[in-house]
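These notes concern the structure reproduced below.
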Amino acid sequence: MRNGGRIAAAIDVLNDVLTRHQPVKSAARDWGKRARYAGSKDRAWVSGLVLDALRKRNSIAHAMGDDSPRGLILGALAHAWGWNIKEIDSAMDEDHAPSKLTLQERERLVMAPDPVAPPHVQGDYPEWMAPMMARVFGEEAAVEAQAMAVRADVDLRVNTLKVDAEKASQPLRSAKAEASPLLLNAFNIPARDPSEREASLESIPAYSKGWVEVQDAGSQIASAAANAQPGEQVMDYCAGGGGKTLAMAAQMQGKGQIFAYDIDGRRLSALIPRLKRSGAHNVQLVHPSEPTQLEDLSDQMDLVFVDAPCTGTGTWRRRPDAKWRLKERQLEKRMGEQDEILAAASAYVKPGGRLLYATCSFLMEEDEDRVAKFLSAHSEFSEEDAAESAIASGLLTDDGAALVRKYRGPTGCVRLTPRRAGTDGFFFAVLRRA
């Protein structure tokens, strides 16, 4: 496909996302079924442009004076991809391209960003979230949010049950992986140009052998804060796909026991092939259809890890369409769920044990507020220094240790963001039972 046809396709896909409320992945897949002539590079180009239009939706709409799918896609070419007016004109002259640029579009495409636009416009986040953004980031809300409106890197965790970082580095060179600046047993693959197709990590032998797992560096640091020790009894209460279960299994060197539980049995089932590939033999799945398994574990755990369901604001770089679907009532629902989950999970912590609460959200309403509410109702728990807990794991580099100390809150919790750490947005707090 030529660029004109790709631009037209991107407008169609974005229209489906905005009018039919489809996730980008689903809308792009549906378009691909209709456009059998499109190759993998074409699909990557179209998806990349749609995602960047959504990442910067507010600022592009403001610059273009148009929030239609056409206005957003054309604006993304200029304001996200850096195309000049000549390049856009040339593409619009091709066969199967949208209609040519209007005079207003031409004027808007060459305008500089508005330095006095409201923070929610400059930072590309929903206007209703402005008070929450100001609460957590103050005057830096727009700058912090701008770092959430770019493409994310890919992070890999070395599975030390099978290999060390030095040996794992050799086969990862083909993927242009670099040693993580924050973690000792991790690698980073810088984000590619948005018009390029992502490399398939599944095709790398190191992945199929179970030497590495895809896991954001923020998630790895939160897992490090658990500081799971060999021989301990550990529960991953909201295990989901099992990324943190596998990380803790490696910390424990296969010794002790991890109980992986999730209320969604289907999600838990996805952990089975990952466990097999990883070589972790000390993980036991606790299925929601067998509640007696959970009852037997009350007051028995050295550590309970709660990666609570949340709004996912910390993953906006990867899922920009979710940013615009988020509503205030959804946040309120999540807050109620988080309170219930924390209270339920705490019942499995033995005296002297630890409870780690984490979210991939940067909102204080889902983070500090939930911890404070839990502590007010559970006097037997107190908050510890989560930064020092992560450092004590021995998994952080010197830069990683300095980072978590820098962004440690007054109560000991830690919040990481793309701007601060180059990671997804992550919050974690460590609570100790007396």
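Counting from 1, the numbers follow the sequence of the chain as shown.
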Ignoring hydrogens, what is the shortest heavy-atom contact between His96 and Ala8? Give both atom names and the distance. O-CB, 3.5 Å

Please step through side-chain contact (heavy atoms from CB on, under 4.5 Å) for the pair Tyr207 and Val214, ending with a clear verdict. CA-CA 9 Å; Tyr207 180 85; Val214 178; 4.3 Å; yes

Side chains of Pro309 and Cys238: does their closest heavy-atom pair fall under 4.5 Å? yes

Interatomic distance, Ser223 atom OG to Asp236 atom CG [nearest 0.5 angstrom]: 8.5 Å

Could you pull out the closest heavy-atom pair between Ala345 and Leu355, with the gap in Å? CB-CD1, 4.4 Å

Closest heavy-atom contact between Val121 and Ala117? CG1-CB, 3.8 Å

Here the pair of heavy atoms bringing Ile7 nearest to Ala91 is CD1-CB, 3.7 Å

Compare all side-chain heavy atoms of Gln215 with those of Leu183 and state whether any distance is below 4.5 angstrom. no

Would you give me the side-chain donor-acceptor pairs under 3.5 Å for residues 11-28, sequence neighbours excluded?
unit_1, atom_1, unit_2, atom_2, d
Thr19, OG1, Asn15, O, 2.5
Gln22, NE2, Asp30, OD2, 2.9

Taking 4.0 angstrom as the limit, do Arg433 and Asp299 come out as a salt bridge? yes

Pair Ser59-Asp124, side-chain donor/acceptor within less than 3.5 Å: yes

Mind checking whether His79 and Pro113 have side chains closer than 4.5 Å, heavy atoms only? no

Under the criterion side-chain contact (heavy atoms from CB on, under 4.5 Å), I'd like the reasoning laid out for Val158 against Phe187: C-alpha separation, chi angles, the key distance, then a yes or no. CA-CA 8 Å; Val158 176; Phe187 290 88; 3.5 Å; yes

Interatomic distance, Arg29 atom CZ to Arg43 atom CZ [nearest 0.5 angstrom]: 12.0 Å

Please tell me if the side chains of Phe259 and Gln293 come closer than 4.5 Å, counting only heavy atoms from C-beta onward. no

May I have the step-by-step check of side-chain contact (heavy atoms from CB on, under 4.5 Å) for Asn282 and Lys255, ending in yes or no? CA-CA 7 Å; Asn282 63 329; Lys255 302 172 185 177; 5.9 Å; no

How close do Val150 and Arg55 get, heavy atom to heavy atom, and via which atoms? O-NE, 3.6 Å

Is there a side-chain contact between Asn227 and Ser389, using heavy atoms and a 4.5 Å cut-off? yes

Kindly indicate whether the side chain of Met133, heavy atoms from C-beta on, has any atom under 4.5 Å from the side chain of Pro119. no

Using every non-hydrogen atom in the two residues, find where Leu416 and Gly218 come nearest and quote the distance to one decimal. CD1-CA, 4.2 Å

If you draw a 6.0 Å radius around CD in Gln170, do more than 12 non-hydrogen atoms from other residues or ligands fall strictly inside? yes

Let me see the working for Arg274 and Thr245 under side-chain contact (heavy atoms from CB on, under 4.5 Å), right down to the final yes or no. CA-CA 10 Å; Arg274 296 183 72 185; Thr245 296; over 6 Å; no

So salt bridge (charged side-chain N to carboxylate O under 4.0 Å, His left out) across residues 351-362, not counting sequence neighbours, yields Glu232-Arg354

Take a 6.0 Å sphere around NZ of Lys162 and say whether it holds more than 12 heavy atoms from other residues, nucleotides or ligands. yes

Can you list every side chain to side chain donor-acceptor pair (under 3.5 Å) pair that touches residues 359-370, not counting sequence neighbours? Arg135-Glu365, Arg135-Asp369, Thr311-Glu366, Thr313-Ser361, Gln338-Glu366, Asp339-Arg370, Thr359-Asp367, Ser361-Glu366, Asp367-Arg415, Glu368-Arg415

Tested for side chain to side chain contact (heavy atoms under 4.5 Å, CB included) against Leu396, the lone hit among Val404, Leu403, Leu184, Leu182 is Val404

Would you say Arg420 and Glu144 make side-chain contact, with heavy atoms under 4.5 Å? yes

Report yes if some heavy atom in the side chain of Leu275 is under 4.5 Å from a heavy atom in the side chain of Leu285; otherwise report no. yes

